[in-house]
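To start, the structure itself, in structure tokens.
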Amino acid sequence: MARAIRTQVAIVGAGPAGLMLAYLLHRENIDSVVIENRSRDYVTHRVRAGVLEQGTVDLMAATGVGDRVKREGLIHHGIEIRFEGEGHRIALSDLTGGRAITIYGQQELVKDLIEARLETGRPLWFEVSEAHIEGIDAQAPLVRCVKDGERHEIHAEFIAGCDGFHGISRESLPAGLRRVYEREYPFGWVGILAEVAPSSDELIYAYHDRGFALHSLRTPELSRLYVQCDPHDTIDQWPDARIWDELHQRFAMPGGWVLREGPIVEKSITPMRSFVAEPMQHGRLFLAGDAAHIVPPTGAKGLNLAIADVRDLAASLVDRFRHGRSTALDGYSRRRLQHVWKVQHFSYWMTTMLHRFPEDRDGFQRQLQLGQLRYLVGSRAAQTSLAENYVGLIESGPA
């Protein structure tokens, strides 16, 4: 016999999207249950995104979970585009009225949100199994799952699918309704976390004949670096010495710029894809974050796009519960997809401009890329467009 639990919103997934949604709803005294199939240790230690848009940081500060990011986050007012042996700074803040980015690891944001959730006393279940969603076309849908060997039925008024690309939520939409747009890229990234102080005060995006490279960081003592690779490579094909050699070559500049080396404490290969599933809602089920869309990491948009989704969804649910109005909730998918495609375009543009394509045998693509890059660094208008997208496009939110 399953144990029945009743709540207003059942949230599937305890990543940044699910946890932020739960926190925003709690602030409006709206009850929720959050379930996650992974362990707490797993979600707080997986190294993922680390660039927060201005809007993400502003939301954290406004809602009371921004104390640690304010203390420990590293504010950056520009990025560097490096090609043909020269670096070109894009002055993000100067071009966007003072807006900036903040370096703060996704796992740190998740830790903050877990602590905030636990303080509320509302349910947060890790390591659930056999989860599936039922009755999204009914007035009271439910999520069935197993927690600590006991079966549960979570009866809710609405369900938020925040469980990522491989989760159950998207597949719970009627098959005949779903439409998928996808692009697989012919390259991936080898990503490393190295115990060494960053070699630059700002991120460096490097275009090179050998392929793309990115210099980022997580803290003043930890560098995060990426190098373009074949998507079919295995990590065994990338010993530490090879990674550092490629990074040195791709970041090389006349005049003695030095890339600092240090012990590599983590490394992995990330495939590159663009993905959008439509619609992002049906009946009583709403998708947010990677459950509905994936962007290549070149534009640093994935985490921020997920937070933007749940900010909109939370406001729409509040309007429904507080005032009985469904207009904002009914328009959630339309609004979000309009924004998602803008972000997809920016991420696609950054990706195709900065990566070498293996099929470019006659060099045509390379010349187009160099033309784009030269135009970018020589045009304030082009730099403003990049900067506005990079720090985060300003949204009006639900009407």
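FYI, the numbering just counts along the sequence from 1. Only heavy atoms go into these numbers, but all of them, side chains included; no hydrogens, no water, no symmetry mates.
Using modelled atom types, one finds no donor on one side chain facing an acceptor on the other under 3.5 Å when comparing Gln344 with Trp349.
Ring centroid separation for the pair Tyr42 and Phe126 does not come in under the 6.0 Å cut-off. A centroid separation of 6.0 Å or more is found between the aromatic rings of Phe346 and Trp341.
One finds no salt bridge joining Arg170 and Asp163 here, because no Lys/Arg side-chain nitrogen approaches an Asp/Glu carboxylate oxygen to under 4.0 Å. For the pair Arg366 and Asp209, the salt-bridge criterion is met [side-chain N within less than 4.0 Å of a carboxylate O]. Using a cut-off of 4.0 Å between Lys/Arg side-chain N and Asp/Glu carboxylate O, Lys147 and Glu36 are scored as not salt-bridged. Using a cutoff of 4.0 Å between basic side-chain nitrogens and carboxylate oxygens, Arg178 and Glu278 are not scored as salt-bridged. Comment: Arg99 does not engage Glu388 in a salt bridge, judged by the lack of any side-chain N to carboxylate O separation of less than 4.0 angstrom. Salt bridge status for Arg218 with Glu108: absent, with no side-chain N to carboxylate O gap under 4.0 Å. For the pair Asp31 and Arg122, the salt-bridge criterion is met [side-chain N within less than 4.0 Å of a carboxylate O].
Other cluster members for Trp238: Val190, Ile192, Ile204, Leu225, Val227, Ile235, Ile243, Trp244, Leu247, Phe251, Met253, Trp257, Leu259, Ile264, Ile269, joined by side-chain heavy-atom distances under 4.5 Å among Ile, Leu, Val, Met, Phe, Trp and Tyr. Side-chain contacts under 4.5 Å among hydrophobic residues (ILVMFWY), followed directly or transitively, place Leu177 with no other residue at all.
Judged as a side chain to side chain donor-acceptor pair (under 3.5 Å), and not counting sequence neighbours, His88 has no contacts. Residues forming a ring-ring contact (aromatic ring centres under 6.0 Å, His included) with Phe275 (at least two apart in sequence, or on another chain): Phe165. Residues satisfying the side chain to side chain donor-acceptor pair (under 3.5 Å) criterion with Glu127, sequence neighbours excluded, are absent altogether. For Pro271, there are no side-chain contact (heavy atoms from CB on, under 4.5 Å) partners at least two apart in sequence or on another chain.
Residues Leu52 and Ile394 do not share a hydrophobic cluster, defined by chaining ILVMFWY side chains whose heavy atoms lie under 4.5 Å apart.
Between Tyr226 and Trp189, the ring-plane angle classifies as tilted under the 30° and 60° cut-offs.
Each of Asp236, Asp240, Asp233 was evaluated against Lys267; a single residue qualifies, Asp240, per the salt bridge (charged side-chain N to carboxylate O under 4.0 Å, His left out) test.
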